[in-house]
Structures are given as structure tokens and as C-alpha cells.
Protein chains: 2
Amino acid sequence: MARWEPGTRDRLREAALELFASRGFEETTAAEIAAAAGVTERTFFRNFSDKREVLFASQDEYAARFLGGIAAAPAGASPLELMSAGLDAGSGFFTDELRPHSRKRQAVIDAHPALQERELLKGRRLASALGQALRERGIPEPAATLTAETGATVFHVAFQQWIAPGETRSIAEIARGLLGELGALHTS
Amino acid sequence: MARWEPGTRDRLREAALELFASRGFEETTAAEIAAAAGVTERTFFRNFSDKREVLFASQDEYAARFLGGIAAAPAGASPLELMSAGLDAGSGFFTDELRPHSRKRQAVIDAHPALQERELLKGRRLASALGQALRERGIPEPAATLTAETGATVFHVAFQQWIAPGETRSIAEIARGLLGELGALHTS
DNA sequence: GTCTATAGTGCGATAGAC
DNA sequence: GTCTATCGCACTATAGAC
């Protein structure tokens with residue numbers, strides 16, 4: 001038997017969500033999460049800088065996809081086209097199987113101010129990273145920042161809708177619809 | 001001699017800012033702040049729910065003034081007039097003598113993600129409270145939320161400008177200018 | 001005011017991957 | 001052999017319970 005099973009990080013994330021959802025965030029200790037994943041508390045903190053972060057690693061993965069989509073867009077793309085490319089690329093992260101998981105995760109976050117703080121910070125970091133990516137694609141200010149803020153907002157609203165009860169559309173569909181409505185605001 | 005000097009809260013806030021600014025947030029313990037203010041660690045945590053909160057008590061006072069200004073505005077005021085009344089009332093908090101203090105405080109916050117998280121949460125709470133205050137004044141949705149979000153943004157931008165190097169205008173003047181520019185966006 | 005649980009860090013030893 | 005992830009343990013500070 002191997003000294004350590006692969007996928008420690010993912011097991012910790014799964015265990016944490018389950019325990020947070022069933023017992024509450026503050027009532028769950030890092031040691032309990034670690035034990036549920038078959039590792040020690042020390043290993044938990046080697047994988048996640050603090051107890052809140054275990055819920056937000058997925059956000060970082062999503063951001064990386066979003067940024068990758070912008071970087072991979074064809075040369076000469078407009079700011080809005082870059083943002084659409086990013087939204088499309090990022091949306092691949094939110095598969096239909098992930099939806100129940102995301103609903104559970106959001107319920108936990110909504111119940112704990114400490115987690116809301118982290119979520120807000122991640123949101124600002126996403127907007128900031130998008131702005132940087134757009135500037136690196138040659139978009140000047142203030143278009144880069146405006147487009148980045150819009151993109152972050154569209155994602156946020158689309159995600160909230162995606163996890164709403166009864167919603168069946170993909171997050172990409174929802175985001176496209178929102179971008180369309182946003183455009184209509186300026187042409188009507 | 002009194003058993004305890006008055007103004008414990010304020011002394012703790014002053015001591016905390018000085019220590020955070022000179023040594024850094026993480027390098028300063030709650031016990032050190034308490035000692036500098038002449039009280040025990042226990043008293044620190046009785047006054048502030050956590051170590052970060054000692055820097056944000058002022059934000060709560062400001063919010064209370066802002067909300068009071070909205071509540072005190074004349075009947076029949078428009079959403080924008082209510083917001084202006086709130087901004088005017090709140091601006092009284094930011095006296096010229098407070099400006100160096102605010103600059104120092106913001107530098108500390110900008111240097112520590114843990115403090116940025118708290119700042120973001122306070123910002124969301126302000127916007128949410130403004131929306132509630134407007135609804136209580138009879139403003140329907142979506143005007144209440146839109147106006148509240150605008151008001152929170154104007155305050156945020158005005159505050160950033162107010163602490164900018166060389167800036168001498170009052171925060172009320174800056175906010176009025178921003179509201180004017182915002183209005184011009186819709187009439188040009 | 002005192003006592004205690006938990007978060008989070010530092011470091012040496014160790015076991016497996018390569 | 002090197003590199004990396006884990007363990008195990010000691011330790012401080014936060015924050016809440018009593």
C-alpha cells in the first residue's frame with residue numbers, strides 16, 4: 001500500500017463541503033476534515049492556506065480557464081469578443097453534474113460571513129485578473145477595466161441564476177443571454 | 001482616579017492603527033494593542049469582535065450617519081435627492097483632521113488581504129443598508145437597489161480621491177462632483 | 001479574569017516517486 | 001541519488017467559554 005493515496009486535495013475538498021453542509025463551518029475543525037480524508041491536520045494546511053480556502057480552490061480553476069479563453073482568442077478580437085471567449089472557456093468548468101455540488105457550496109457560503117468575505121475577495125481578484133489579461137491583449141484603458149468589470153458581473157449573475165431552483169440551462173447559455181440583454185440596453 | 005479611563009475604545013483604535021502601521025498587521029498581537037491602550041487582551045475582544053474589526057468601527061459610524069441623512073430628508077424627495085442627503089450627512093464624518101489618519105489606515109488595509117476582505121464585506125453591507133433605507137422611504141425596486149449601489153460606488157470613489165496625495169477638497173465636494181459627472185453621462 | 005479549544009506555523013524525520 | 005508529500009510534534013495567537 002502506498003504511503004499516500006493520490007487525490008488528497010480533492011478528498012479534502014469533498015470532505016470539507018460535506019462536513020460544512022451537515023454541521024456548519026465553525027462547528028467543523030480542520031482536524032476533522034483531515035481525518036475524513038485520511039490525512040493529518042498538518043496536511044490540510046499544506047494544501048490550503050486556511051480553513052476557508054478549501055471551499056474556493058474551484059474558483060481559482062475557473063478563473064484559470066476564463067483567462068485561458070481570453071489568451072486563446074483570435075488576434076484582433078474586440079474587448080467584448082475576448083470577454084465572450086473567456087466566458088465560454090470558463091463555462092466548461094460548470095458541468096451539469098457539478099450543479100448540485102455548487103448549490104450546496106453556495107448555501108454554506110451564504111450562511112457564514114467569514115466565507116462571504118473570501119468570496120468577495122475572490123471576485124475582486126477575478127475582475128482584476130481579467131483586466132490584466134485584456135491589457136495584455138492590447139486593450140487600452142478604460143475599455144480593459146470596464147470590460148473586465150462587466151465580465152466579472154456577468155459571470156456572477158449567471159452563476160447565481162445557474163444554481164437557482166429549477167434552472168436547467170448551461171451557464172454558457174445564461175451568460176450569453178445576459179450579454180445580449182446588456183447589449184440591448186445600449187442600442188434601444 | 002476612575003477605575004477605567006474613558007475612551008477605551010478610541011484608545012484601542014488609535015493604538016492598533018499605530019502598531020499596524022509601524023510593524024504590520026500580522027506582526028502585531030491583540031495583547032500588544034491592549035497593553036498600549038492600558039487594558040487587557042480580554043478588554044480588546046470585548047470591544048471588537050475580532051482583530052480586524054478594530055480598524056472598521058469607523059466605517060460603521062459613517063454608515064450610521066449616511067443612513068440618518070436619508071431618514072432625515074424631506075418627504076417626497078427623489079431617490080437621487082435621498083442619496084445626496086445621505087452623502088452630505090455622511091461626509092461630515094470625514095473632517096480635514098481625519099485625512100492623515102484615513103491615509104494611514106488605508107495603507108494598512110491595502111497591505112493585508114485579510115483586511116481587504118473585511119473592507120469588501122463592509123462595502124456590501126453599506127450598499128445593502130442603503131437599499132433597505134431607500135425602500136423604507138418608499139422607493140420601489142429596482143430604483144432602490146440601483147440608487148443604493150450607485151451611492152456606495154460614489155462614496156467609494158470619493159473616499160479614494162479624498163485620500164489621494166495633494167487632494168484638498170472635502171469628501172462632500174468630491175462626491176457632488178462625481179454625482180454631477182454621473183448625471184452628465186445620461187444627458188449628453 | 002481565567003481557562004481552553006482551534007487555527008495556523010516551523011521544522012526535522014521519513015517514505016515513496018523518479 | 002534527488003525531489004516531494006506526508007507525518008509528528010512543539011509552539012503561538014485568536015477567540016470564545018466558563
Side-chain angles (χ1 to χ4, degrees), chain A residues 1-57 60-61 108-109 111-122, chain B residues 1-5 8-9 11-13 15-57 60 108-109 111-119 121-122:
Chain A
M1 175 177 162
R3 178 172 179 188
W4 36 271
E5 302 293 327
T8 296
R9 244 181 109 82
D10 288 341
R11 287 204 319 281
L12 283 167
R13 285 164 44 174
E14 264 312 307
L17 180 58
E18 287 308 318
L19 288 166
F20 291 164
S22 58
R23 282 197 220 171
F25 173 72
E26 281 147 11
E27 290 68 32
T28 304
T29 70
E32 287 168 342
I33 300 166
V39 294
T40 66
E41 186 184 25
R42 193 69 189 80
T43 296
F44 177 91
F45 286 113
R46 208 173 305 103
N47 279 274
F48 304 101
S49 55
D50 62 48
K51 202 176 115 180
R52 283 169 284 164
E53 194 64 16
V54 69
L55 273 180
F56 292 91
D60 291 344
E61 290 176 37
V108 171
I109 293 170
H112 299 281
L115 296 173
Q116 293 161 30
E117 288 187 342
R118 181 58 49 87
E119 185 179 41
L120 289 167
L121 186 65
K122 292 280 181 180
Chain B
M1 178 175 164
R3 177 170 176 191
W4 38 270
E5 302 294 327
T8 296
R9 243 181 110 80
R11 288 206 316 283
L12 282 167
R13 287 164 43 172
L17 180 58
E18 287 307 319
L19 288 167
F20 290 165
S22 58
R23 282 196 220 172
F25 174 72
E26 282 147 11
E27 290 69 30
T28 305
T29 71
E32 287 168 341
I33 299 166
V39 296
T40 66
E41 186 183 31
R42 185 72 184 76
T43 298
F44 177 91
F45 285 112
R46 228 179 294 108
N47 279 275
F48 304 101
S49 56
D50 63 47
K51 201 176 116 182
R52 282 169 283 164
E53 194 64 16
V54 69
L55 273 180
F56 292 92
D60 291 343
V108 171
I109 293 171
H112 299 281
L115 297 173
Q116 293 160 32
E117 288 186 333
R118 180 58 50 86
E119 185 179 41
L121 186 66
K122 293 280 182 180

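Note on naming: letters A, B, ... go to the chains in the order of the sequence lines (proteins, then strands), and numbering restarts at 1 for each one. The structure displayed is predicted, hence computed values, not measured ones.
Leu115(A) has its CG atom 14 Å from the C1' atom of dA7(C), to the nearest Å. The separation between Glu53(B) atom CD and dT14(D) atom C1' is 15 Å, rounded to whole Å. Computed from coordinates, the Asn47(A) CG to dT9(C) C1' distance equals 15 Å when rounded to whole Å. The nearest whole Å value for the distance from the CD atom in Glu26(A) to the P atom in dG16(D) is 8 Å. The nearest whole Å value for the distance from the CZ atom in Phe48(A) to the P atom in dA5(D) is 13 Å. Here the C1' atom of nucleotide dT14(D) and the CG atom of Asp50(A) are 14 Å apart, to the nearest Å. For Glu27(A) and dA15(D), the CD to P distance is 16 Å, given to the nearest whole Å. Note: CZ (Arg11(A)) to P (dA5(D)) measures 14 Å, nearest angstrom.
Using a 4.0 Å cut-off between charged side-chain N and carboxylate O, Glu61(A) and Arg13(A) make a salt bridge. For the pair Glu26(A) and Lys51(A), the salt-bridge criterion is not met [side-chain N within less than 4.0 Å of a carboxylate O].
The aromatic rings of Phe25(A) and Phe20(A) lie perpendicular to each other, with more than 60° between the two planes, well past the 30° mark.
Between Glu53(A) and Asp50(A) the shortest side-chain heavy-atom distance falls below 4.5 Å.
Only Glu41(B), Arg42(B), Phe45(B), listed by number, bring a heavy atom of residues 38-46 of chain B to less than 4.0 angstrom from any atom of DNA chain D.
In this structure, Thr29(A) does not reach the dA5(C) phosphate: none of its side-chain N or O atoms is under 4.0 Å from OP1 or OP2.
Minimum heavy-atom separation, Leu115(B) to Val108(B): CD1-CG1, 3.7 Å. Arg11(A) and Val39(A) make their closest contact through NH2-CG1, 4.1 Å (heavy atoms, listed as atom of the first residue, atom of the second, distance).
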